[in-house]
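Inspection log for the structure reproduced underneath, given as structure tokens.
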Amino acid sequence: MNPAHRLRPATGRAIAGASALLLALAALAGCAPSSASDYTGTWTSAHPAGTSLDLKDGGQLSGNDGCNSLTGTWSESKGSITFGALAATKMACADVDPWLSKAASARSDGDTLNVYDEAGTQIGVLDRK
């Protein structure tokens with residue numbers, strides 16, 4: 001075997017340099033722009049009082065329709081979001097319209113979230129908190 005083709009073992013300085021490079025790359029990866037949706041966050045309404053929807057990264061949601069607690073999933077596609085089946089508690093609250101529990105989709109207009117039912121009829125509006 002030709003001595004010029006022999007691999008030399010890594011020196012301590014070479015290992016330290018490679019480690020420093022890997023740490024720098026890992027730090028830069030942490031500075032990369034977030035892929036979070038513009039929809040994530042808390043949206044609220046005063047009609048009825050206490051209405052809120054919290055859209056979390058990863059497609060989970062929780063909220064309250066002014067009477068009942070909600071939980072479920074959501075996904076974003078082509079500038080709007082679609083809600084999966086929403087589970088809600090079944091408390092009876094006088095004079096409260098539980099419109100949020102009927103949500104099927106929504107579209108954002110800046111800091112306003114227009115909410116639609118399965119038929120595509122607008123059923124309510126939420127504002128970014």
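None of these values were measured; they are calculated from a predicted model.
Note on residues 98-129: no pairs pass disulfide (SG to SG under 2.5 Å), not counting sequence neighbours. Residue pairs meeting the salt bridge (charged side-chain N to carboxylate O under 4.0 Å, His left out) criterion with at least one member in residues 114-129, sequence neighbours excluded: Asp111-Arg128. For residues 44-53, the set of pairs meeting the side-chain hydrogen bond (donor to acceptor under 3.5 Å, both in side chains) definition, not counting sequence neighbours, is empty. Within the structure, salt bridge (charged side-chain N to carboxylate O under 4.0 Å, His left out) pairs that include any residue of residues 89-105 do not occur (at least two apart or interchain). Pairs engaging residues 40-129 under the disulfide (SG to SG under 2.5 Å) rule: Cys67-Cys93 [sequence neighbours left out].
Every residue two or more places apart in sequence or in another chain was checked for a side-chain hydrogen bond (donor to acceptor under 3.5 Å, both in side chains) with Thr112, and none qualifies. With sequence neighbours excluded, no residue forms a side-chain hydrogen bond (donor to acceptor under 3.5 Å, both in side chains) with Ser75. For Thr82, there are no side-chain hydrogen bond (donor to acceptor under 3.5 Å, both in side chains) partners, not counting sequence neighbours. Evaluation of the side-chain hydrogen bond (donor to acceptor under 3.5 Å, both in side chains) rule for Asn64 yields no partner, not counting sequence neighbours.
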Stepwise side-chain contact (heavy atoms from CB on, under 4.5 Å) check, Met91 with Ser69: CA-CA 9 Å; Met91 295 188 300; Ser69 296; 5.9 Å; no
Residues Arg107, Asp109; criterion salt bridge (charged side-chain N to carboxylate O under 4.0 Å, His left out); working and verdict: CA-CA 7 Å; Arg107 279 193 298 275; Asp109 182 16; over 6 Å; no
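In the hydrophobic clustering, Val125 connects to no other residue, as no ILVMFWY side-chain heavy atoms lie under 4.5 Å from its own. Taking Ile, Leu, Val, Met, Phe, Trp and Tyr as members and joining any whose side-chain heavy atoms lie under 4.5 Å apart, directly or through other members, the hydrophobic cluster of Trp99 also contains Tyr39, Trp43, Leu53, Leu55, Leu61, Leu70, Trp74, Ile81, Phe83, Leu86, Leu100, Leu113, Val115, Ile123, Leu126.
Ser105 OG to Gln122 CD: the interatomic distance, rounded to the nearest 0.5 Å, is 10.0 Å.
Checking side-chain atoms of Thr71 against main-chain N and O of Ala87 turns up no donor-acceptor pair under 3.5 Å.
For the residue pair Gly41 and Asp54, the shortest heavy atom distance occurs at O-OD1, 3.3 Å.
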